[in-house]
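Just so you know, residue 1 is the first one in the sequence shown, and it goes up from there.
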Amino acid sequence: SFPTRRSSDLQYSILVRSLSQLPREVQDEGNRQLALNDLYWLLRVILNRPDCQHQWILDRCREVEANPDSTLDLWSREHYKSTIITFALTIQDVLRDPEQTVGIFSHTRPIAKGFLRQIMREFESNAYLRALFPSVIWAEPKREAPKWSEDDGIVLRRNGNPKESTIEAHGLVDGQPTGKHYTLMVYDDVVTSSSVATPEMMQKTTTALEHSYNLGSEGGRRRFIGTRYHANDSYKTI
């Protein structure tokens, strides 16, 4: 049975031990279903993040699962907001539906590429994740995927052939893409310490953010993750 909404981190530890004692095929099916339906299990167990074994992070995963979209998550730095939302939740989304297209947007493209790089490394190095989802993740992504780079994005196994990669990374103020449309847009660190030096710089970021909304497909979803740097920054407008 799945962990409940009220399960504690201690109960997860008990479930991890219990599942490890079952036959391998039962373990795999249990891990597959939990990865698709439980964000905390995916992050802590399947993505092998023992640093996330904490009741506070479990509570935040539950909070994100309850309202993943159209929400502005403003948390303090080093509180795992990008790990939970931009990293783990994006992976869970494409495992559930590899036909969707995801655009990760940050203030500048190098910042966004950093988030994409982390996801790429996970798909490349996590052999168990690939084994659980062979219909979604290439066995050898670097060799088999039609696109697999920080510049062009990554393409997972899918039936459709949209011009957008499965996951791409772009900047808001340094060259947004044109002619593309994403079913999910993840905005992480669109405001930085260097972008709030003057009112003009803050307005430039807000205007670029507004223009980026045209890149969302009809019915597309948005997520916002960040930390405040100024009382009048773009997060105030959002």
Side-chain angles (χ1 to χ4, degrees), residues 1-9 11-50 52-54 57-71 73 80-104 115-116 118-139 141 145 154-160 165-167 182-186 219-223 225:
S1 62
F2 292 114
T4 68
R5 302 294 299 179
R6 297 174 180 268
S7 296
S8 67
D9 182 72
Q11 289 172 310
Y12 271 85
S13 298
I14 295 172
L15 181 57
V16 170
R17 288 196 298 270
S18 300
L19 192 60
S20 66
Q21 297 172 7
L22 298 174
R24 182 57 186 265
E25 62 271 17
V26 179
Q27 289 186 46
D28 290 347
E29 182 58 25
N31 278 318
R32 186 177 298 109
Q33 293 302 320
L34 284 164
L36 292 172
N37 293 281
D38 192 298
L39 184 60
Y40 184 63
W41 186 275
L42 173 66
L43 177 60
R44 176 182 156 184
V45 180
I46 308 303
L47 302 183
N48 193 27
R49 290 292 298 269
C52 294
Q53 185 176 341
H54 195 286
I57 295 177
L58 168 57
D59 292 341
R60 299 290 75 70
C61 285
R62 288 288 184 260
E63 194 172 50
V64 168
E65 285 175 320
N67 292 288
D69 303 323
S70 301
T71 300
D73 282 278
Y80 286 81
K81 57 186 180 297
S82 295
T83 298
I84 293 172
I85 303 172
T86 308
F87 176 59
L89 186 57
T90 299
I91 289 177
Q92 188 181 62
D93 280 337
V94 296
L95 292 179
R96 289 173 169 174
D97 179 14
E99 301 300 322
Q100 65 183 309
T101 54
V102 182
I104 299 176
F115 296 122
L116 175 59
Q118 183 185 18
I119 295 172
M120 290 174 62
R121 284 200 306 263
E122 195 66 36
F123 287 142
E124 293 166 3
S125 63
N126 193 328
Y128 189 55
L129 179 65
R130 296 198 305 273
L132 288 179
F133 299 96
S135 63
V136 177
I137 311 172
W138 305 95
I154 62 175
V155 174
L156 299 179
R157 290 182 178 273
R158 59 187 184 183
N159 296 320
S165 298
T166 306
I167 308 175
Y182 304 98
T183 58
L184 171 61
M185 302 178 72
V186 180
R221 298 170 293 147
R222 300 174 190 154
R223 295 173 185 154
I225 307 99

| T101 (side chain) donor-acceptor with T183 (main chain) under 3.5 angstrom | yes
| query | Under 3.5 Å, is there a donor-acceptor pair between the side chain of R130 and the main chain of F123? | reply | yes
| Going by atom types alone, do E29 and Q33 pair a side-chain donor with an acceptor below 3.5 Å? | yes
| Rounded to the nearest 0.5 Å, how far apart are OG of S70 and CZ of R222? | 7.5 Å
| task | Run the numbers on D38 and R62 for salt bridge (charged side-chain N to carboxylate O under 4.0 Å, His left out), then give the verdict. | result | CA-CA 9 Å; D38 192 298; R62 288 288 184 260; 3.2 Å; yes
| How about L36 and F133: do any of their side-chain heavy atoms sit closer than 4.5 Å? | yes
| query | Which heavy atom in Q53 sits nearest to a heavy atom in D9, and how many Å separate them? | reply | CG-OD2, 3.5 Å
| said: side chain to side chain contact (heavy atoms under 4.5 Å, CB included), that's the test. Do Q118 and E122 meet it? Break it down for me. | reply: CA-CA 6 Å; Q118 183 185 18; E122 195 66 36; 5.9 Å; no
| message | Side chains of P68 and L89, heavy atoms from C-beta outward: is any pair under 4.5 Å? | response | yes
| When rounded to the nearest 0.5 angstrom, what is the spacing between CH2 in W41 and OG in S7? | 10.5 Å
| request: Please lay out, stage by stage, how I225 and I84 fare under the test side chain to side chain contact (heavy atoms under 4.5 Å, CB included). | output: CA-CA 10 Å; I225 307 99; I84 293 172; over 6 Å; no
| field | Residue pair V155 / A145: nearest heavy atoms and the distance that separates them | value | O-CB, 3.6 Å
| field | Flag side-chain contact, heavy atom, 4.5 Å: Q11 against L58 | value | no
| message | Does L129 form a side chain to side chain contact (heavy atoms under 4.5 Å, CB included) with L47? I'd like the steps, not just the answer. | response | CA-CA 7 Å; L129 179 65; L47 302 183; 4.1 Å; yes
| task | Could you check R60 against E63 for salt bridge (charged side-chain N to carboxylate O under 4.0 Å, His left out), going step by step and ending with a plain yes or no? | result | CA-CA 5 Å; R60 299 290 75 70; E63 194 172 50; 3.0 Å; yes
| Heavy-atom closest contact (L156 atom, V136 atom, distance) | CB-O, 3.3 Å
| said: Going by the rule ring-ring contact (aromatic ring centres under 6.0 Å, His included), which residues pair with Y12 if we only count those two or more places apart in sequence or in a different chain? | reply: Y40
| task | Evaluate the criterion side chain to side chain contact (heavy atoms under 4.5 Å, CB included) for residue pair V45 and L34; output intermediate values, then yes/no. | result | CA-CA 10 Å; V45 180; L34 284 164; over 6 Å; no
| Expected output: side-chain T90 to main-chain F87 donor-acceptor under 3.5 Å | no
| said: Can you confirm whether I137 sits close enough to N126 that some side-chain heavy atom of one is under 4.5 Å from a side-chain heavy atom of the other? | reply: no
| field | R223 side-chain N/O to M185 backbone N/O, donor-acceptor pair under 3.5 Å | value | no
| Side chain proximity check, I46 to I91, heavy atoms < 4.5 angstrom | no
| Least distance between heavy atoms, R44 atom then S13 atom | NH2-OG, 2.9 Å
| query | Rounded to the nearest 0.5 Å, how far apart are OG of S8 and CG of D59? | reply | 10.0 Å
| field | Residue pair N31, Y128: steps toward the side-chain hydrogen bond (donor to acceptor under 3.5 Å, both in side chains) verdict | value | CA-CA 10 Å; N31 278 318; Y128 189 55; 3.0 Å; yes
| said: Which heavy atom of T166 sits nearest to which heavy atom of P98, and what is that distance? | reply: CG2-O, 4.1 Å
| Salt-bridge present (R32, D28; N to O < 4.0 Å) | no
| query | Can you check whether R158's main-chain N or O pairs, donor with acceptor, with E99's side chain at less than 3.5 Å? | reply | no
| request: With rounding to the nearest 0.5 Å, note down the distance linking OG in S20 to CD in Q27. | output: 6.0 Å
| request: Determine yes or no for a side-chain-to-main-chain donor-acceptor pair under 3.5 angstrom, with Q92 supplying the side chain and L42 the backbone. | output: no
| message | Given 3.5 Å as the limit, does a donor-acceptor pair link the side chain of T71 with the main chain of D69, or not? | response | yes
| task | Nearest 0.5 Å please: distance from the CG atom of N37 over to the CZ atom of R96. | result | 6.0 Å
| said: Main chain of L184, side chain of Q100: is a donor-acceptor contact present, judged purely on distance under 3.5 Å? | reply: no
| request: Measure the spacing between CZ of R49 and CG of L43 and express it to the nearest 0.5 Å. | output: 6.0 Å
| Qualifying salt bridge (Lys or Arg N to Asp or Glu O under 4.0 Å) pairs with a residue from residues 83-92, counting only residues at least two apart or across chains | none
| Taking every non-hydrogen atom, the tightest pair across P134 and A131 | CD-O, 3.3 Å
